[in-house]
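So you know, we letter chains A, B, ... as the sequences are listed, proteins then strands, and number each from 1.
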2 protein chains.
Amino acid sequence: MTVTAPTGFEAAGIAAGIKRSGALDLALIVNRGPSNAAAAVFTSNRAKANPILWSQQVIADGQVGAVVLNSGGANCFTGPEGFQVTHQTAEAAAAALGISSGDVLVCSTGLIGEQLDGEVVQEGVLSAAARLSAEGGDDAARAIMTTDTHPKTVVVEGDGWRVGGIAKGAGMLAPGLATMLVVLTTDADVPAEALDAALRAATRVTFDRLDSDGCMSTNDQVTLMASGASGITPDAVAFAASVTEACRSLARRLQEDAEGASHDITIEVRGAVSEDDAVEVGRSVARNNLFKAAIFGNDPNWGRVLAAIGTTQAPFDPYLVDVSMNGVRVCHAGRPDAPRDLVDLTPRATHVLIELHAGEASATILTNDLTHDYVHENSAYAS
Amino acid sequence: MTVTAPTGFEAAGIAAGIKRSGALDLALIVNRGPSNAAAAVFTSNRAKANPILWSQQVIADGQVGAVVLNSGGANCFTGPEGFQVTHQTAEAAAAALGISSGDVLVCSTGLIGEQLDGEVVQEGVLSAAARLSAEGGDDAARAIMTTDTHPKTVVVEGDGWRVGGIAKGAGMLAPGLATMLVVLTTDADVPAEALDAALRAATRVTFDRLDSDGCMSTNDQVTLMASGASGITPDAVAFAASVTEACRSLARRLQEDAEGASHDITIEVRGAVSEDDAVEVGRSVARNNLFKAAIFGNDPNWGRVLAAIGTTQAPFDPYLVDVSMNGVRVCHAGRPDAPRDLVDLTPRATHVLIELHAGEASATILTNDLTHDYVHENSAYAS
C-alpha cells in the first residue's frame, strides 16, 4: 500500500514510454486532503536538475497537492528546454487534477544530460491521472525504479494515523542526500512547519548518513505530505519518531539494493569529541576504495581503516584507536590485537566499530563494498 | 643508472627475505659526498608509519648520508616494537657505513599492521652495504616495488650535473602525497634549504596532483640528496626546473602503472578563480567512482563530471561550464553539445578539459579509471 496506506492519498504508476524497455516510468501521487501541508529536502549538490529548481519554488509555501515522478531521465543539464519540460509536467498534472501548478512537485531520475520528451511525459501524466486510486502506491513505487532490483516501501503505524513511503536508490548514493527519490505520506494532521522540522531531523540521521559510493546526485528529493484525513494531530515527538523510523527503514532498503554491492557495511564510530567528528571519521572510511575493495574480498584489512581516518581533521590520537570487525577487535591502541583470521566477513551484513577514545559522541554511517558488479554496472550504465 | 647516475652515489638492492616470494625487498642508497645536504617531504596523513616518524627527525638538520628502503611491510600501526625496528635499521646502516644513525632515513612499504622482523631487516642492511656500487641504482629501483609491474626511474641532465631518481607506487595513490616512495639524487652542490625549496615546489605540482584512487597512504616519502660531487652549484631556477621535470616524469610513471588501471586520465581545469579552486574541481572528478567507472567503460558520461564538480566550494556557475573529452566538446554552457558518440575513449591516454569560465587560473590532476582489475587486486592484496 506504501504511500497510499495513509488515508487521503491516491497514486498511480504507469508506462509512459520514457523508458525504451516499456517498463513503468511515471508515478503520480495526489493528496486529497483535507490538508495539503508538505515539506521537502533536496540535494546539496550545486549542480541541481531542473525538477529540483522547480520543486524548490513549489515547496516554499508548504502546500503541495501532488507529486509527479519519472524515471528514464534526470532532466539535468538540459538547459531552458529541460526546465520547460518540468514546468509543462506540473501544468499537465495541475490541469488534470484541478489544482495550481504551483502546488505540484516534480522529481526525475535517470541519465544526466539528455532531454526528456515533454509530450511523452505530459501524455503520461494524463494517463496516470486517469488511473489514480487508493491502491496505487505499489505501482508508484515500481515506476520510480532505475537500476533498483525491487521496489522499496515502508508503512509505520501511529496511534490512529500512519506514515507510508516509497523510495528509489541504487547508484550515486551519497550524502546530502543519497541519490534517491523518496515520497512519504501521512494522514496525521500536521502543519507544514512541523512536517519540515520532523523531516529534516529524520533525514539528518538516516539518508544523510547513507554513503554507498561517495557520489552526490543532482536530483535527490525527499518529500513528506500530510492529508490530515485521520483527524488526529499526534504528539510532535511521536510523529517525528515515526518519520525517522520510516526514513531509517527506507535508507536500509536503499543500502541493501545498492548497485553491485555484496556487503552492507555499518560503520559505527564511538568516542568522538562531537557528532560531526564521528560522522567525518565514519564517512572517510565509507569513501575509501581500498577499504571497500578489501571488504568485498572478505579481508579484515584494518590498516586501511586507520589510513582512512588519518585523513580527517577530527580530534583524536590515531595511535589510541581500537577497531573491531564483526565483533573481533583486530586493532587495540593503534596496534595489532586479535588475529585477523578470526574475523568472518562472509555474511552480507558487516559491522565495523571504531573507538576513538577522544570523547563521548558517536554516529553510524551506512555504506557498501566496492565490487566487480559495481564497476560493471557503472561502466555500462549509459549504453 | 637511476639514483646512481649522478656522481657521488652508491646503491644496492637485495633480497633480504622480507618478502616470502624471495624477490628483491631492501634497497640502500648512500651519498659519498663531499656534501650530504638533503631534503624530504612526507605524507600529510595523520596516521604516519614508524619510518615516517623516524625520518622526520633525521631530516630536521638537512643532513643525510644514506636511505634504507624496504618493501614487504609498511611498519605502520605496529607500536613501539615497530619503531624499534626502524631505529635498529638505521643503526645497522650507520654502523656499516661509519656514519651517525641520525643521518639515515628509513622508508617502508607494504601491508599496514604487521610487524617487520627486525633481525631479517638488519641482516639485509649489512648484506646491502657489502654490495654497494655506483651501478646499483637499478637493483635499488627493483627492491622497492610492491604491486608495481616494473621499476620506475628517471635521469635529467643538467649543465655538468644530473638529477636521478627511483619511485614505487601502484596503490593508495592520492594527494599529500601519492602512495609512494621516491628517492632523488643529484651531484649538484646545493645546500639543504635550497634542496627543500626545490623539492617542495616540485612535489606541489607533480606528486601532489596525482590522485589515482583517492586513498592517502601512511608511508609516503620523497627524498632529495645532493652529493656536490660535480663541483657545480646550478642556477636555482634551472635546478628547480630539473627537479620538477624528474618528479613529473616519475609521477607519470606511477600513473601509468597504477593498480588495475586501463586509462591514464589527465583532468585539465581552466578558467578557475584560483589555482586552489582548479585543484579542488579536478580532484572532485578524479575521486568520483561513477566517472572513473564510466571511463573504464569508454563512456563519455559528462553528466558525472558536472555532478562531481557541483560538490565543490569553488566559485563558478555550474550552468556555464564546458566539458570536452579527448578534444570533443560534449557539454557547452551546462547543456549537451557535440554527440557523445563522437568521443573515442579507446586510447589509454584520456584527456578531460573542464572550462569553468570564472577566472584565469588552471591546474591539471592525473588520475586513473576504476576497473575490475583494481577491485580484484585490492580485494586480494592481504592474502
Side-chain angles (χ1 to χ4, degrees), chain A residues 44-48 74 76-79 82 111-115 171-172 213-218 287-291 293-304 306-312 318-319 330-331 333-336 340 370-372 374-383, chain B residues 44-48 74 76-79 81-82 111-115 171-172 213-218 287-291 293-299 301-304 306-312 318-319 330-331 333-336 340 370-372 374-383:
Chain A
S44 53
N45 198 317
R46 291 162 58 200
K48 294 185 202 302
C76 183
F77 289 112
T78 46
L111 195 63
I112 298 171
E114 305 231 315
Q115 291 291 353
M172 261 199 200
D213 66 357
C215 297
M216 189 190 291
S217 165
T218 53
R287 293 189 166 186
N288 187 281
N289 278 350
L290 292 172
F291 163 78
I295 297 298
F296 168 57
N298 296 334
D299 170 14
N301 193 322
W302 58 266
R304 293 177 178 174
L306 286 168
I309 70 177
T311 66
T312 68
Y319 303 100
V330 282
C331 171
R335 298 163 62 183
R340 55 179 90 204
L370 177 60
T371 70
H372 290 302
Y374 178 89
V375 173
H376 176 73
E377 287 196 35
N378 287 299
S379 59
Y381 182 68
S383 52
Chain B
S44 53
N45 199 317
R46 291 163 57 201
K48 294 185 202 302
C76 182
F77 289 112
T78 47
E81 308 94 295
L111 195 63
I112 297 171
E114 304 230 317
Q115 291 292 353
M172 260 198 200
D213 66 356
C215 296
M216 188 190 293
S217 166
T218 52
R287 293 189 165 187
N288 188 281
N289 278 350
L290 292 172
F291 163 77
I295 298 298
F296 169 57
N298 295 334
D299 170 15
N301 193 323
W302 57 266
R304 293 177 178 175
L306 287 168
I309 71 177
T311 66
T312 68
Y319 304 101
V330 282
C331 171
R335 298 162 62 180
R340 54 179 90 204
L370 178 60
T371 69
H372 290 302
Y374 178 89
V375 173
H376 177 72
E377 286 196 37
N378 287 299
S379 60
Y381 181 67
S383 52

*To the nearest 0.5 angstrom, please state how far the CZ atom of A:Arg304 sits from the CG atom of B:Leu111.*
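Interatomic distance, A:Arg304 CZ to B:Leu111 CG, rounded to 0.5 Å: 7.5 Å.
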*Classify the angle between the aromatic ring planes of A:His372 and B:His376 as parallel (below 30°), tilted (30 to 60°) or perpendicular (above 60°).*
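Judged by the thresholds at 30° and 60°, the geometry between A:His372 and B:His376 is parallel.
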*Name the option with the most non-hydrogen atom pairs under 4.5 Å to chain B; the candidates are A:Pro300, A:Gly82, A:Gly113.*
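Counting heavy-atom pairs under 4.5 Å, the top option is A:Gly113.
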*chain B: which of A:Thr311, A:Leu306, A:Val330 shares the most heavy-atom pairs with it under 4.5 Å?*
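Ranked by contacts with chain B, first place is A:Leu306.
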_I need the minimum non-hydrogen distance between B:Phe296 and A:Ser379, along with the two atoms involved._
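Residues B:Phe296 and A:Ser379, closest heavy atoms: CD2-CB, 3.8 Å.
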*Under a 4.5 Å heavy-atom cut-off, does chain A meet the side chain of B:Thr371, its backbone, both or neither?*
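Interface part for B:Thr371: backbone (N, CA, C, O).
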*asked:* B:Thr78: which residues meet the side chain to side chain contact (heavy atoms under 4.5 Å, CB included) condition with it, sequence neighbours left out?
replied: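 By the side chain to side chain contact (heavy atoms under 4.5 Å, CB included) rule, B:Thr78 matches B:Asn50, B:Asn75, B:Gln115.
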*Does A:Val375 reach the side chain of B:Tyr374, with side-chain heavy atoms less than 4.5 Å apart?*
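With C-beta onward as the side chain, the pair stays apart.
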